[in-house]
Amino acid sequence: MTSWPQDYSAAWTLAAETTCSGVGLHSGAEVTVQLCPTDQPGFHMRLPGMEQPIQLRPDQVRDSPLCTTLDLGPSKVATVEHLLAALAGCGLSHVEIVVSGQEVPLLDGSALVWVEAIAAAGLVSAATPRPAPPQLAQPLMRHRGSSVITATPADRFGVVGIIDFPQQAIGRQQFALELTPQRFVDEIAPARTFGFREQVEQLRAAGLIQGGALDNALVCDGDQWMNPPLRFEDEPVRHKLLDLIGDLALVGFPQAQVLVYRGSHGLHTDLAAAL
């Protein structure tokens, strides 16, 4: 049983190296990710051909179809959001990430396998302080069409997610919590990504979701799920918050209440840039 940090104030790194392998959601390629302890604050990534890891920053984030991509100069790496959510959500602040390809593996479609790998490695206090989180002097709001995200100053980091889909199996859902590492592990990390049966062939023809399958994503078919059971009755909205946490990981968790209505990676990135 892992003892997770109480909150996100202290600096933590891994006690040992740990590795996960799987296929990328969009590329379908097999890839391995190694997570390593480091004394350097923040998250650092090394891709094939790089001699030294590059520190990850919010300005490297690129809005890309159905995932978050990092532009690291000579190379790009896609679908980083679940891994970054697991690292930041579990309380880690100092980690080196070595990726063997151009996309982080999807694993089971959630952050659960990453959390299990982190738990197996264990956490230890880092040698240098945690990077300071962004401070909010006044509320922020960003929107894209009918989608909106707000951040309001608060004593602690909290998230509220609201989704509204015409498909009866999903419909309107909302979920809120004040985030701690334990609550992230219990209530957010197991929630899997989801998609829609009628979009599958179109997305594959566009070169996307080549690695998608019924064992790594929930698939909605109107008023039912093709691959039940769900892990939570409201698993889709919890997964949307998982994506949000991953997309805020590089800027840091603000002392704010963040509310997102019909969120997307692009909208999350807009808020991160504003922070």
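Remark: the E96 side chain and the Q40 side chain contain no N/O donor-acceptor pair separated by less than 3.5 Å.
Salt-bridge check for D270 with R144: passed, with a basic side-chain N closer than 4.0 Å to an acidic carboxylate O.
Side-chain N or O atoms of T79 include none that pairs as donor or acceptor with a backbone N or O of E103 at under 3.5 Å. Panel note: side chain N227, backbone V219; a donor-acceptor pair is recorded below 3.5 Å. The backbone N or O of D39 lies less than 3.5 Å from a partner atom in the side chain of T128, making a donor-acceptor pair. Put simply, the side chain of Q174 never gets that close to the backbone of Y261: no donor and acceptor are under 3.5 Å apart. Proximity of a side-chain donor or acceptor of R238 to a complementary backbone N or O of A191 within less than 3.5 Å is not detected.
Here the two rings, on F232 and F175, have centers that are 6.0 Å apart or farther. Between F184 and Y8, the ring centre distance reaches or exceeds 6.0 Å.
Between P74 and L47 there is no side-chain heavy-atom pair separated by less than 4.5 Å. Between L250 and R57 the shortest side-chain heavy-atom distance does not fall below 4.5 Å.
Residues V95 and L14 approach most closely at CG1-CD1, 4.2 Å, considering heavy atoms. Scanning all heavy atoms of the two residues, the minimum distance from P48 to S100 falls at CG-O, 3.2 Å. Between A169 and Q224, the shortest heavy-atom contact is CB-N, 3.7 Å.
The CG atom of L177 sits 7.5 Å away from atom CG of L241, with the distance rounded to the nearest 0.5 Å. Here the straight-line distance linking atom OG1 of T193 with atom CG of L242 works out to 8.5 Å at 0.5 Å rounding.
Partners of T68 by side chain to side chain donor-acceptor pair (under 3.5 Å), not counting sequence neighbours, listed by chain and number: D247, H265.
Side-chain heavy atoms closer than 4.5 Å link hydrophobic residues (I, L, V, M, F, W, Y) into clusters, and following such links, even through other members, never connects V80 to V98.
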